[in-house]
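Quick notes on the structure that follows.
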Amino acid sequence: MSIASHSEQANLAQARDWLAEARSIAVLTGAGISAESGIPTFRGPGGLWNNYRPEDLATPEAFARDPKLSWEWYDWRRQRVAAAHPNPGHAALAELERRVPAFTLITQNVDGLHRAAGSRNVIELHGSLWRLRCVACAREVENREAPLREIPPRCSCGGLLRPGVVWFGEALPADAIQQAARAAARCDLFLVCGTSAVVYPAASLPERALFAGAKVVEINLEPTPFSEAAHLSLRGKSGEILPRLAQAVRHTEPLI
Ligand code: OAD
C-alpha cells in the first residue's frame with residue numbers, strides 16, 4: 001500500500017468514526033454530486049460557464065431582454081436532467097437521512113435529484129428547475145414538461161413564467177438560507193460535497209459550522225478554497241466516497 005493510499009484510508013476511517021458518533025449532520029452539496037449522473041458542473045472541465053455567459057442567460061436583466069433565449073437554455077438543462085437518474089452519492093445521502101437522528105441536506109443544485117433519490121429534508125438554496133414563477137402575479141407552479149410545449153411559458157394570468165431558480169444578482173430565499181444557517185450552526189458534523197465553494201452565501205455555511213465547533217469534512221475531486229480550513233479533505237468521486245462513509249451507520253436501524 002502506498003503512503004498516499006494509506007493516509008487516504010486513515011482519513012476515510014476518521015470521517016467514518018465522526019459520522020458514526022454524530023447525532024446531527026448537515027451536508028452542503030454542489031454540482032459535483034450530480035456529475036456522475038451526467039449533469040454538467042458550472043466550473044472546471046466541461047463546466048457550463050466555460051461555454052455560456054451567465055449575464056446572457058441567468059440574470060433578471062437577461063430574462064427581461066430575451067426570455068426566449070434564457071428559456072431555451074433552461075429547457076435544454078431540464079431535458080438533460082429529465083433523462084438522468086440519481087447516482088450512488090445521492091442514494092448514500094438519502095440513506096444517512098434515514099439513520100441519523102438529525103439530518104439536513106442543503107443543496108445548491110436545482111436538478112431535484114436529491115429528492116428523486118429519496119431525501120426528504122432538502123433545502124434548495126438556489127431554487128428548482130421544476131418550479132416556475134410568474135413575473136406578473138408571482139404565482140408558483142410545478143412543471144415537469146421537458147421539453148416545454150411553449151417557450152417562453154405563460155401563466156394563466158397571461159404573464160411570463162420564469163424559472164424558479166436564483167439568478168446572479170438576486171437574493172436567496174430568506175427562509176432557505178436561515179434554515180441552512182441554523183442547521184450549520186447546530187450540527188456535530190458538516191459534509192461539504194462536490195462544490196467549488198466559491199459562491200456565497202452558500203460557501204459561508206461550512207465556515208459557520210467550523211466556527212460553531214462542528215467537524216467539517218470536504219469531499220471533492222479537487223482542492224477548493226475551503227480545503228485548507230476543513231478538518232479533512234477526501235479526494236475522489238462523491239458517488240464512490242459517500243457510499244463508503246454511509247457504511248459507518250449501516251448497522252443501525254433506520255429511523256424513518
Ligand atoms: P461548480 O461547478 O462550481 O463546482 C463543482 C465542484 O464539484 C468542483 O469543485 C469539482 O471539483 C467537483 N466535482 C466534480 N465532479 C465531482 C465528483 N464526481 N465528485 C466530487 N466532486 C466533484 O458547482 P457549484 O459549487 O455547485 O449558482 O457551483 C455553485 C453555484 O455556482 C451553482 O449553484 C450555480 C453556479 O453559478 C447559481 O446558478 C445561482
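Just so you know, ligand 1 is whichever comes first in the structure, and atom 1 is the first atom listed for that ligand.
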Is there a polar contact, in the sense of an N or O pair closer than 3.5 Å, between Trp49 and ligand 1?
yes

Contact between ligand 1 and Pro54 is defined here as a heavy atom of the residue under 4.0 Å from a ligand atom; is it met?
no

So is Thr224 polar-close to ligand 1, meaning N/O to N/O under 3.5 Å?
no

Please state whether Trp167 comes within less than 4.0 angstrom of ligand 1, counting heavy atoms only.
no

What's the shortest distance from atom 6 (C) of ligand 1 to any protein heavy atom, and which residue and atom give it?
Gly194 O, 3.5 Å

Taking both backbone and side-chain atoms of Phe168, is any N or O found less than 3.5 Å from an N or O belonging to ligand 1?
no

Where is the nearest protein heavy atom to atom 33 (O) of ligand 1: which residue, which atom, and how far?
His126 ND1, 2.8 Å

Contact check: Ala31 vs ligand 1, nitrogen or oxygen atoms, below 3.5 angstrom:
yes

Please work out whether any backbone atom (N, CA, C, O) or any side-chain heavy atom from C-beta onward of Arg43 is under 4.0 Å from ligand 1, and answer side chain, backbone, both or neither.
both

Does ligand 1 come near enough to Ile219 that some N or O of the ligand is less than 3.5 Å from an N or O of the residue?
no

Is it the side chain, the backbone, both or neither of Ala35 that has a heavy atom closer than 4.0 Å to ligand 1?
side chain

In this structure, atom 39 (C) of ligand 1 is nearest to the protein heavy atom Val166 O, 3.3 Å

For atom 17 (C) of ligand 1, what's the nearest protein heavy-atom neighbour? Residue, atom name and distance, please.
Gly32 O, 3.4 Å

For the student: nearest non-hydrogen atoms of Ala92 and Pro243, plus distance:
CB-N, 3.7 Å

Salt bridge check, Arg244 against Glu240: does any charged N sit closer than 4.0 Å to a carboxylate O?
no

State, yes or no, whether a side-chain contact exists between Leu242 and Ile33 at a heavy-atom distance under 4.5 Å.
yes

To which of Asn50, Asn220, Leu221, Thr29 does the heavy atom nearest atom 10 (C) of ligand 1 belong?
Asn220

Just checking, any donor-acceptor pair under 3.5 angstrom between side chains of His114 and Thr29?
yes

Gln108 and ligand 1 - part of the residue with a heavy-atom distance under 4.0 Å
both

Identify the closest protein heavy atom to atom 19 (N) of ligand 1: which residue and atom is it, and at what distance?
Ser238 N, 2.9 Å

Rounded to the nearest 0.5 Å, how far does CG of Leu205 lie from CZ of Phe190?
5.0 Å

For atom 30 (C) of ligand 1, the protein heavy atom that lies nearest, with its residue and separation:
Val199 CG2, 3.7 Å

